[in-house]
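Report on the structure given below.
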2 protein chains.
Amino acid sequence: MARRKQAVTIKHVAADAGVSLQTVSRVINKEPNVRPEMMARVQASIAKLGYVPSIAAQRMSGSRSYLIMALNDRERTIEGWRAREGTDWVDQMLLGGMLTCAEHGYRLIVELVDTHSDHIERELSAAIAALQPDGVILTPPHSANPEIISLLDAAGIDLARIGSVIAGPGIRLTMGDDLAAAMATRHLVELGHRRIGLIAGPLDYELSGWRIDGWRAAMDEAGLSTEGMLAQGDFSIESGRMCAPQLIDAGATAIIASNDQMALATLEVARARGLSVPDDLSVLSFDDTPVVRFAHPPLTAVVQPIAAVTARAVELIIDARAGRGLPDGPVVVEPTLAIRDSTAPPVAEPL
Amino acid sequence: MARRKQAVTIKHVAADAGVSLQTVSRVINKEPNVRPEMMARVQASIAKLGYVPSIAAQRMSGSRSYLIMALNDRERTIEGWRAREGTDWVDQMLLGGMLTCAEHGYRLIVELVDTHSDHIERELSAAIAALQPDGVILTPPHSANPEIISLLDAAGIDLARIGSVIAGPGIRLTMGDDLAAAMATRHLVELGHRRIGLIAGPLDYELSGWRIDGWRAAMDEAGLSTEGMLAQGDFSIESGRMCAPQLIDAGATAIIASNDQMALATLEVARARGLSVPDDLSVLSFDDTPVVRFAHPPLTAVVQPIAAVTARAVELIIDARAGRGLPDGPVVVEPTLAIRDSTAPPVAEPL
DNA sequence: GTGAAAGCGCTAACAA
DNA sequence: TTGTTAGCGCTTTCAC
């Protein structure tokens with residue numbers, strides 16, 4: 001098979017501009033110590049010849065690969081794709097990540113790794129060896145996985161951990177889950193609700209705890225009791241079907257579900273009991289995946305700014321590579337509340 | 001910045017196995033002319049050291065980059081991501097493409113290119129120069145774009161064109177749109193419908209024509225007239241709102257929409273007119289994006305096997321690289337019909 | 001401020 | 001069947 005060569009290389013540019021390879025390289029990499037006139041001449045040649053550096057060659061000689069790897073859990077991701085129920089976590093990461101990468105001459109590459117396997121280390125090492133990414137973006141549950149974190153750290157790869165504040169190497173980013181839960185709770189309080197239940201997510205997700213915290217804080221702030229108002233779900237539809245009745249029986253006039261699936265289940269339970277949403281029961285959900293737009297009624301939901309947080313993660317990784325400082329504490333990208341038709345003032349006054 | 005070197009290189013393996021670099025290379029690339037015992041020895045060392053070839057280095061010297069680029073239309077893709085309405089075209093491509101790539105040691109990388117700009121050529125050339133992919137998978141409308149096709153062909157990059165049968169370089173793949181439309185039509189005929197309308201897609205998409213063809217063929221086959229039963233949409237909700245009334249007024253008891261958005265619009269129109277779906281009007285849609293599962297009623301839809309066709313495209317590109325033969329004509333990956341609750345026998349007998 | 005030389009990890013071509 | 005040699009396009013020294 002013929003060796004496929006680059007159409008236009010740095011050599012062509014150098015020849016065209018009448019300078020050395022090195023000067024061209026300096027211009028490409030925006031290094032100092034190049035006279036403006038030289039720079040202009042080189043850039044003219046680059047534009048004229050349509051030169052674009054080969055990412056493979058850049059990696060070979062230099063320290064950067066211009067590749068950032070978005071690491072997701074294999075099983076969960078594939079399951080989401082297969083189900084075709086509109087989970088768009090990966091799309092939102094691409095939206096925020098690809099576009100931001102492109103602005104800086106980087107590429108985002110999606111990689112799936114199996115958490116449950118005992119070969120995490122092998123799989124991950126293989127991905128690193130093959131691609132040699134400059135940075136890795138970790139999503140839950142990977143972002144809190146010490147094995148993964150220390151492996152990447154040891155390999156000298158910058159990492160951004162979304163949805164984890166556990167101390168350790170890497171940039172930590174959250175989507176302000178506590179703020180979000182408080183915001184959601186306040187919205188319901190303002191509508192006049194006093195019995196506001198929360199269906200929590202599984203506690204091995206850090207964010208489940210934060211959401212509980214935020215809700216509890218807002219309830220306290222409003223002088224409301226949380227007695228009997230907390231149910232333990234696990235993000236599944238089934239768990240929602242178990243939890244919603246508990247809260248309704250305990251007198252909740254509004255329910256906040258820690259994800260959309262459990263909110264949908266709550267809607268289902270309400271319908272089965274002949275309760276009208278939002279009149280008899282307000283339902284508020286977390287994540288704002290596409291499905292909530294098509295629910296009846298469309299759900300009021302906390303919007304997870306996945307695209308924004310991924311964009312920020314990419315920027316921070318690139319900053320780190322460029323030697324610019326890193327943030328000390330966790331970076332919070334603030335969530336918003338999309339108010340739709342599933343929340344309203346309670347019809348009956350609470351006791 | 002320190003030069004970041006590969007932890008384990010082909011050299012380490014060669015040293016460990018006591019053979020030359022070349023022999024290791026031959027084993028990695030599954031080349032012939034290596035004695036089984038040598039091969040075993042090398043493979044043992046590879047496993048022991050956890051060696052994985054650097055994709056950048058492979059590209060530098062060889063002819064392969066082990067990268068396949070999935071090219072999508074920038075504007076449409078980003079719009080879909082922003083809207084968060086569950087369009088999962090990209091996810092399905094990743095599902096089929098990434099997994100199949102992984103099986104062969106390749107990676108899939110998503111790239112967005114702006115069709116409308118006059119810089120297609122520049123953007124695309126830049127992407128090629130930067131990544132030097134072994135193959136490119138084109139989706140509509142790119143897959144029929146002669147400018148893109150000839151550019152890639154000239155660069156010696158294998159390409160797979162999904163959704164286009166226009167002659168020219170590259171492997172052509174379709175999802176049997178004519179078969180699908182005929183299948184959908186027959187389903188309605190079997191239910192007893194005689195006035196079956198079609199809302200067509202824009203004619204600059206090849207597949208719009210195929211869907212019309214399939215519908216027309218099935219109608220002919222059943223001895224039914226298509227008079228007044230064809231409306232010209234453009235895939236938008238708005239166009240669905242315009243077209244559906246035309247067909248209903250022309251006596252349609254069933255409507256096939258060429259995509260989900262127009263089907264949703266049809267549902268909306270039916271509701272506005274007090275028509276019950278499926279009793280007064282059957283609605284059948286194309287694509288089966290997630291949204292149709294959440295419609296009321298859930299829509300019967302033609303399932304576009306995007307994951308399967310992408311997987312096939314990847315396989316064919318890899319085959320081409322390996323010197324294995326290519327298919328002559330277009331490759332058809334057959335669609336299926338997901339029967340849900342929006343189709344039923346017509347209540348009133350047609351005149 | 002600029003250029004020349006060395007080498008990144010791997011494979012193609014050729015020699016043994 | 002195996003090993004040796006010469007690059008691929010770029011960046012990193014280090015010299016000027």
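Letters A, B, ... mirror the listed sequences (proteins, then strands); counts begin at 1.
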B:Glu111 vs B:Asn72 side-chain heavy atoms within contact, under 4.5 Å: no

Sugar-phosphate, base or nothing in reach of B:Pro53, heavy atoms under 4.0 Å: sugar-phosphate

Given D:dC10, C:dT11, D:dT12, the nucleotide with the shortest approach to the side chain of A:Ser54: D:dC10

Value in whole Å for how far the P atom of C:dA13 lies from CD of B:Glu31: 11 Å

Sub-4.5 Å side-chain heavy-atom contact between B:Ile137 and B:Ile162: yes

Euclidean distance, atom CG of residue A:Leu21 to atom C1' of D:dT13 [Å, nearest integer]: 15 Å

Nucleotide nearest B:Val19 when distance is taken to its side chain, options C:dG1, D:dG3, D:dC8: D:dG3

Which residue lies more 5' along DNA chain D, comparing B:Asn33 with B:Ala57 via nearest heavy atoms: B:Asn33

Distance test, side-chain N/O of B:Ser20 to OP1/OP2 of D:dG3, below 4.0 Å: yes

Summary of ring pair (Phe, Tyr, Trp, His ring centres under 6.0 Å) pairs that have at least one residue in residues 45-68 of chain A, sequence neighbours excluded: A:Tyr66-A:Tyr106

Separation of atom NZ in A:Lys30 from atom P in C:dG1, rounded to whole Å: 19 Å

Separation of D:dG9 P from A:Ile28 CD1 (nearest whole Å): 13 Å

B:Arg41 side chain to B:Ala17 backbone, donor-acceptor under 3.5 Å: yes

Length of the CE-P vector between B:Met60 and C:dG9, whole Å: 12 Å

Close side-chain approach of B:Val24 and B:Lys11, heavy atoms under 4.5 Å: no

Nearest heavy-atom neighbours spanning B:Ala130 and A:Arg107: CB-NH2, 3.6 Å

Atom-pair distance (CD1 on B:Ile10; C1' on D:dG3), nearest Å: 13 Å

Residue pair B:Glu315, B:Arg312: steps toward the salt bridge (Lys or Arg N to Asp or Glu O under 4.0 Å) verdict: CA-CA 5 Å; B:Glu315 276 170 3; B:Arg312 195 84 194 86; 2.8 Å; yes

Nucleic acid contacts of residues 41-51 of chain B, taken as heavy-atom distances under 4.0 Å to DNA chain C: B:Tyr51

Atom pair distance, as rounded to whole Å: CZ in B:Arg26 and C1' in D:dG3: 8 Å

Residue-phosphate contact under 4.0 Å: B:Thr23 side-chain N/O, D:dG3 OP1/OP2: yes

Value in whole Å for how far the C1' atom of C:dA12 lies from CZ of B:Arg64: 12 Å

N/O (side chain, A:Arg59) to phosphate O (OP1/OP2, C:dC8) under 4.0 Å: no

Given D:dT1, D:dT12, C:dT2, the nucleotide with the shortest approach to the side chain of A:Gln22: D:dT12

Short side-chain N/O contact from B:Gln58 to OP1 or OP2 of C:dT11, under 4.0 Å: yes

OP1 or OP2 of C:dT11 under 4.0 Å from side-chain N/O of B:Asn29: yes

Among B:Leu316, B:Leu159, B:Asp158, B:Leu138, side-chain contact (heavy atoms from CB on, under 4.5 Å) partner for B:Ile171: B:Leu316

